[in-house]
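Below is one structure; the comments refer to it alone.
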Number of protein chains: 2
Amino acid sequence: MAKAPTVYDVASDAGVSIATVSRVLRRPADVRESTRERVMASVRELGYVPSGSARGLAARRTGALGLYFPGFDAMDDLDEISDLSANESPGYTLIDDVGGAQDSHQFNLYFDEVLRGAELEAWRRGFALTVAVGRGGLAADAVRDMAGRVDGLLVLSQSVPDDALEQLARRIPIVVLASKAEGGPFDSVTVSNREGMHALAAHVIGDLGSGDIAYVAGPLDSPDDTDRWAGFVSALRERGMEPGDVRLRRGEFTRASGRRAGADLLASGDLPKAIICANDQMGLGVLDALNGSGVRVPDDVVVTGFDGIEAANLSSPRLTTVHQPMEMVGRAAIQLMQRRLDDPEAEPASMRLPVKVLLRESSERK
Amino acid sequence: MAKAPTVYDVASDAGVSIATVSRVLRRPADVRESTRERVMASVRELGYVPSGSARGLAARRTGALGLYFPGFDAMDDLDEISDLSANESPGYTLIDDVGGAQDSHQFNLYFDEVLRGAELEAWRRGFALTVAVGRGGLAADAVRDMAGRVDGLLVLSQSVPDDALEQLARRIPIVVLASKAEGGPFDSVTVSNREGMHALAAHVIGDLGSGDIAYVAGPLDSPDDTDRWAGFVSALRERGMEPGDVRLRRGEFTRASGRRAGADLLASGDLPKAIICANDQMGLGVLDALNGSGVRVPDDVVVTGFDGIEAANLSSPRLTTVHQPMEMVGRAAIQLMQRRLDDPEAEPASMRLPVKVLLRESSERK
DNA sequence: CCCTTGAGTGTATGCGCATACATTGCTATC
DNA sequence: GATAGCAATGTATGCGCATACACTCAAGGG
C-alpha cells in the first residue's frame, strides 16, 4: 500500500497548482478544458482519491449522515468465527429440520427497512450514510463519536438518553424516528399507530356486532403499545364500550408470549369473538395456539396483528394487520434532515406517515 | 446551531493547552487525574465533540470501514414522500388484501444480513460502518468517494468493475464478499455453495433411488449459480449419472420463474421424482405450481431450494434448502479486514464459510 | 496607446486535531 | 545540596484540502 497520492502529487504531475486540481474536481466549469483534461489524466494515472477527512475539515461538512439504532444487548455472543483454516472443513452440515420451529429471528427487520429507505434517500442527495447500532450501556459515547463525523444524525426514539440528545442537538441537526411525541424540540418522523389501530379495531368491532373482545398488549413501557392501545380504546368508545369490557393480556411483543396468551384464552373455556394483538409476532403466536386446538380462524375467532411483517403474510390463515411504512420512515427522516440542513432556523417539524390496514384471512370471512 | 467548540475552546476554558485536551481524550493515563477532571468538566460544559474530519486527517485513519453493495436500479421510483402537511390526512388506508399475493419483495435480505454481521463486528472493533448501495452506472465514482473516507472497503463481488477495484486496492485494503474465485488478489469471503449443493443433491439422489431429476438453474452469468451447478453435477457423477440425464430449466432466481418451471414440468405430463432448484425463490415458485395441481410434495415429487430465506421456512410444505450464513459473511469480512489492517503485507487470504443443509418437509417423508 | 474587464490560474491560509519534541518542576540519589 | 531522571504539560507542526484573494494575460473600449 504505497503512500496515497495527494493534491500536491497530482498538481506537480500535471504541472498546475493544487488549487487547480481542487477546482477540476469540485468546480470543473471554472477550469479550461485542456487544463482539466491534463489534470484528470494525472488523477487517473496516480490513482488519486481525495481524502474525505481533509475535505471534511476544509469544507466544514463531512457529506455523511448518521443513523443510530438501539441494539439488542443479548445478541452479542461474541465468538470469533474461526481462523482461516476453516477452508479445510467439509463446508456444510446436514441438519434434520423436519418439524423444526417455524419461529424465526425476524427481530430487527425494522432496522433493515428503515435503513434501506434512509440509504436510498441519502444516496439521492449525495450523502454517505454511516450506521451504528447501540449495544451495552455506551449509547451516549457511541452516538457522540458518530456525531463528530457526520453532518446530521438520525436517531431512533428512546435509543439515546434525552439529555445526551439535547447536548448534541446544540452542535448538529437531529431527526428523531418513531418519536412518541410529535411537537418536541426535534424534527421527527412518526407513524399513525393510533389511527391505524383505531381503524382496524373499528372494522373488527363493526363486523362482529358483538363486543366479546380480547386485547393482547405489549410491554407497558413501549410508546408504540401506548399509541395502539389508545387507538383501540377510542374505537371501543365509539361503540359505547369501555376498556373494562375487554379481556386484556399483556405480552412482550414476542411470538412465544402470543402463544401463551392464546393458550390462556383457550384454557379459559370461553373464547372471545376477536383477539386484537398489539403486534404481529404476538398475533402469530395466538394463531399458533389456536391452530393446534381445532378452533377455526376467522370463523370462530378473528385474530389481528400490527406491523405488517413478512411472516404475517405467510401464515395460515394470513394475518390481518396494519402495515407500517418502515422504509418510508427512513426516507422521510432524510428529507427532514435535508430541510433542516438547508434552513437551520426552521421550526421543528414532524411528519406522520400513513399506515395501511391490511384485511386478510384471519379476520375476513369469504 | 452555535459554532461548535474545538479543542482550543476546551483548552482555554480548562486553563490547559490543546495537547492536554487531546491527551485527556485519547490517552487519559498520561494526564494527572485532577487535570483530567478539569478538562472533562469543560468538555461536558461546552458540549465538545471532537471533529471526525480533523481527527482523521491528523491521525491518518478515519476509524470507519465501508460496505459497498450493488443495488437494484429498478427500485428507484423517485417520488418525494409528501410535504409535511401529510399530518392532516386520516393516517391510514383500508385495503382488502384477502387472497392477496403471498409473493413478497424479500429482495435484499442478503444485504440486510450481511450488513448486520458487518456492523456487529465493526462495532466490536471500534470502527464506524459506512454503507453505500450502488445505483445506476456510477459504481466507480460512488465507491471511489467512499474509499476516500474509510480505512478499508468491503465490496460485494461483481458490484465494482475489476479495474476500478484494482486501482483502489493500491490505496486502501479491500475485502471481496462472495467472491467467485478464491485465491484472487484480494482477501475474500466465500460460502460453500458448491459443497452445500453437492451434499443436498447427494442426499436427495440417495434417498430416491431413481435418477429422474429436474434442475432449475439460475441465470448463466451468476457465479452462485455456477458453483451450485458444479456441486450438483459432482453429486450426479458420484452416482454414475451425467448432466445430460437431467432435465434442465433455467430461471431468473425469481419466484415467478420458478412457477413457470413448475408449470412446464407439470404440463409435460411426466413429473420427475425430484426438482432441485438453484435458489429458494424458484423452489417456492415450483411449490406454488405443484400445490395448485394436486401433486403431493414430497410424496410425488421432492423439491429443494437454496439460500435459507425466511419464506422457505414458512411455506407448506416447508422447503428443504441450504442455508447461507449471511451474517457470518459480514462478520468474517470485517475480521479479514482487521487482519489486513494489522498486517498490510500479509498474503491475500480467503475464508470459505460452511453452510447448513436443512432437510425439511419438501424432501423428507416421515 | 492606455485602461478596464474577465477568464484562468496561483499563493497563502485555515479548518481541528494528534503528536514529536521541548520545557518545567519534582523526587530520588549520592 | 547538586544532579539525574521522570512525570506532566506546553509549543510547534503537519495532516490534505477548499477557498479567499492576488495575479497574469488577452481582448475590448475609449
Side-chain angles (χ1 to χ4, degrees), chain A residues 2-40 42-43 46-64 126 144-145 147-151 171-172, chain B residues 2-40 42-43 46-64 126 144-145 147-151 171-172:
Chain A
K3 180 180 168 310
T6 71
V7 265
Y8 295 97
D9 301 315
V10 174
S12 88
D13 187 78
V16 297
S17 75
I18 63 161
T20 297
V21 175
S22 183
R23 276 190 283 257
V24 166
L25 266 36
R26 305 301 150 213
R27 316 184 48 176
D30 286 4
V31 179
R32 186 181 312 168
E33 180 169 349
S34 60
T35 316
R36 200 189 314 151
E37 284 169 0
R38 201 147 35 90
V39 171
M40 285 309 295
S42 296
V43 165
L46 299 177
Y48 169 68
V49 176
S51 151
S53 293
R55 284 226 274 155
L57 186 56
R60 263 155 287 235
R61 341 178 299 101
T62 64
R144 181 182 219 74
D145 179 79
R149 59 173 80 227
V150 298
D151 295 331
R171 279 184 90 295
I172 187 179
Chain B
K3 179 180 168 314
T6 70
V7 264
Y8 296 97
D9 300 316
V10 174
S12 87
D13 187 79
V16 298
S17 76
I18 63 161
T20 298
V21 175
S22 183
R23 276 191 281 257
V24 167
L25 267 35
R26 304 301 151 214
R27 318 183 47 174
D30 287 3
V31 179
R32 186 183 311 167
E33 180 169 350
S34 60
T35 316
R36 199 190 314 152
E37 283 170 359
R38 201 147 36 90
V39 171
M40 284 310 293
S42 296
V43 165
L46 298 178
Y48 169 68
V49 176
S51 152
S53 293
R55 284 225 272 156
L57 187 55
R60 263 155 285 232
R61 339 178 303 102
T62 64
R144 181 184 217 73
D145 179 80
R149 59 172 81 227
V150 297
D151 295 331
R171 280 184 89 299
I172 186 180

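Each chain gets a letter, A, B and so on, in the order its sequence line appears, and its residues count up from 1.
Counting any heavy atom pair closer than 4.0 Å across all strands shown, B:V16 reaches sugar-phosphate atoms only and no base atom. If you check every strand for non-hydrogen atoms under 4.0 Å, B:S22 touches a base.
Within the 4.5 Å cutoff, side-chain heavy atoms of A:L46 are placed close to those of A:D13.
Heavy-atom distances to DNA chain D give each of B:A58 and B:A19 a nearest nucleotide, and the one nearer the 5′ end belongs to B:A19. If B:R23 and B:P50 are placed on DNA chain C by their nearest nucleotide, the residue sitting closer to the 5' end is B:P50.
In summary, contact between chain B and DNA chain D, defined as any nucleotide atom under 4.0 Å from a heavy atom of the protein, begins and ends at D:dA8 to D:dG16 in the 5' to 3' direction.
Contact check of residues 24-38 of chain B against DNA chain C (heavy atom, cut-off under 4.0 Å) returns B:R26.
To the nearest 0.5 Å, the span separating CZ on B:R60 from OG on A:S51 amounts to 11.0 Å. In this structure, the separation between CZ on A:R36 and CG on A:D30 is 9.5 Å, given to the nearest 0.5 Å.
Partner of B:P50 under the side chain to side chain contact (heavy atoms under 4.5 Å, CB included) criterion, chosen from B:L25, B:V10, B:V7, B:T6: B:L25.
With sequence neighbours excluded, no residue satisfies side chain to side chain donor-acceptor pair (under 3.5 Å) with B:T35.
Without hydrogens or angle criteria, A:R171 side chain to B:A4 main chain gives no donor-acceptor distance under 3.5 Å. Under the 3.5 Å distance criterion, the side-chain polar atoms of A:R38 are matched with a main-chain donor or acceptor of A:A14. Looking at A:R149, its side chain never comes within 3.5 Å of a backbone N or O of B:G56 through a donor-acceptor pair.
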